[in-house]
Amino acid sequence: MEFRSPVYQIKAVPVEKIIPNTYNPNTVAPPELRLLYDSIREDGYTMPIVCYYCQSDDTYIIVDGFHRYRVMLEHRDIYEREKGLLPVSVIDKPLAQRMASTIRHNRARGSHDVDLMSNIVRELHDLGRSDAWISRHLGMDRDEILRLKQITGLVSLFRETNFKQAWIPEGDAAERMEAADAEAAAAAEESVEQTGSPEDATEKAGPEPAPGE
């Protein structure tokens, strides 16, 4: 069957049937949200929001476009002008793929809340997705995934991570370190022989004068 992009099948959906997802890590500051409202007020909705249709309860779960959805909920003038309808592009994917779609949409244009991103990594692992899968579908390198795992503090997330043993100098490096230590010790000993110990210096100086002397 020939693939047809969802954008060619936009539908108008009552905003009351649309619900946000629980995992979107994209954040928009108030000034940017105000600009988004101004854009929609002046130009209308020029981009659909992306949703997954949940047939069991006849709702549309947002994959991308939460802030466009939010503008309609929070601004009566937009709601009335659009007759309470949002343009929706529907994708049919399982949860892990929808989470990956949300990240892919966001990474190109927004900023992510680090704590929410780390939670997404944890949830994807709970769904059985490997580091390789997360790297491929979310566009992250292994170091980024590791840093997000560290934020969660959950040991179970590190089952795929191979940690190297602590570095132990060998060969020439070990000999150079030993020589440097010996040289430092000899210099310290020579200094003591020339100047005496701190205790010797105290005895030569005599006792400290009593207050007032």
Side-chain angles (χ1 to χ4, degrees), residues 1-11 13 15 17-29 32-33 36 45-73 86-167:
M1 184 177 178
E2 185 180 0
F3 177 80
R4 185 172 175 79
S5 293
V7 72
Y8 295 110
Q9 303 174 57
I10 306 301
K11 57 175 65 180
V13 176
V15 70
K17 295 179 70 171
I18 299 173
I19 59 177
N21 62 55
T22 59
Y23 53 79
N24 188 359
N26 196 44
T27 57
V28 174
E32 282 74 22
L33 194 60
L36 178 60
Y45 280 93
T46 58
M47 295 177 60
I49 70 171
V50 182
C51 292
Y52 166 78
Y53 177 61
C54 183
Q55 191 170 8
S56 61
D57 54 5
D58 190 30
T59 57
Y60 292 80
I61 303 172
I62 296 173
V63 174
D64 178 67
F66 170 74
H67 297 98
R68 279 164 276 160
Y69 157 82
R70 181 177 165 185
V71 165
M72 179 171 285
L73 287 185
L86 270 176
V88 171
S89 176
V90 178
I91 61 172
D92 184 14
K93 293 183 176 182
L95 177 59
Q97 290 281 3
R98 298 200 303 270
M99 294 172 76
S101 294
T102 296
I103 304 306
R104 286 194 295 267
H105 278 88
N106 288 343
R107 284 174 72 89
R109 65 173 189 272
S111 60
H112 285 149
D113 182 290
V114 174
D115 288 334
L116 287 175
M117 276 298 296
S118 63
N119 287 337
I120 285 178
V121 169
R122 176 181 55 78
E123 289 182 34
L124 288 172
H125 269 278
D126 290 344
L127 291 169
R129 299 303 184 267
S130 66
D131 284 0
W133 189 98
I134 294 172
S135 177
R136 183 170 65 253
H137 288 86
L138 272 61
M140 298 179 179
D141 59 37
R142 294 299 182 93
D143 287 340
E144 186 176 3
I145 294 171
L146 178 60
R147 287 194 297 271
L148 291 171
K149 286 181 177 181
Q150 290 170 335
I151 290 172
T152 67
L154 296 176
V155 176
S156 61
L157 296 186
F158 294 91
R159 59 179 177 271
E160 294 184 45
T161 305
N162 294 320
F163 293 100
K164 296 180 180 179
Q165 293 182 347
W167 178 71

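These values consider heavy atoms only, across backbone and side chains, with no hydrogens, waters or symmetry-generated copies.
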Contacts of type side-chain hydrogen bond (donor to acceptor under 3.5 Å, both in side chains), residue T59, not counting sequence neighbours: D57
Partners meeting side-chain hydrogen bond (donor to acceptor under 3.5 Å, both in side chains) with R136 (sequence neighbours left out):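 side-chain hydrogen bond (donor to acceptor under 3.5 Å, both in side chains) list for R136, sorted by chain: empty.
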Gap separating the [atom1] atom of [X] from the [atom2] atom of [Y], nearest 0.5 angstrom:
{"X": "Y69", "Y": "I19", "atom1": "OH", "atom2": "CD1", "answer": "8.0 Å"}
{"X": "I134", "Y": "I145", "atom1": "CD1", "atom2": "CD1", "answer": "5.5 Å"}
{"X": "M72", "Y": "I18", "atom1": "CE", "atom2": "CD1", "answer": "8.0 Å"}

Would you say that [X] contacts [Y] through its side chain, given a criterion of any heavy-atom pair below 4.5 Å between the two side chains?
{"X": "Q9", "Y": "V90", "answer": "no"}
{"X": "I91", "Y": "S101", "answer": "yes"}
{"X": "K11", "Y": "Y53", "answer": "no"}
{"X": "V13", "Y": "L86", "answer": "no"}
{"X": "K93", "Y": "V63", "answer": "no"}
{"X": "L124", "Y": "W133", "answer": "yes"}

Carboxylate-amine/guanidinium contact D143 R147, below 4.0 Å: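 Looking at R147 together with D143, the answer is no, because their closest N to O distance does not fall below 4.0 Å.
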Least distance between heavy atoms, I62 atom then P20 atom: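 Reported closest heavy-atom pair: CD1-CA, 4.0 Å.
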H125 versus S130, closest heavy-atom pair with distance: CE1-C, 4.5 Å
R68 side chain to P48 backbone, donor-acceptor under 3.5 Å: yes
side-chain contact (heavy atoms from CB on, under 4.5 Å) partners for L95, two or more places apart: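 Applying side-chain contact (heavy atoms from CB on, under 4.5 Å) to L95 gives Y23, R98, M99, L127.
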Stepwise side chain to side chain contact (heavy atoms under 4.5 Å, CB included) test for L36 and R70: CA-CA 10 Å; L36 178 60; R70 181 177 165 185; over 6 Å; no
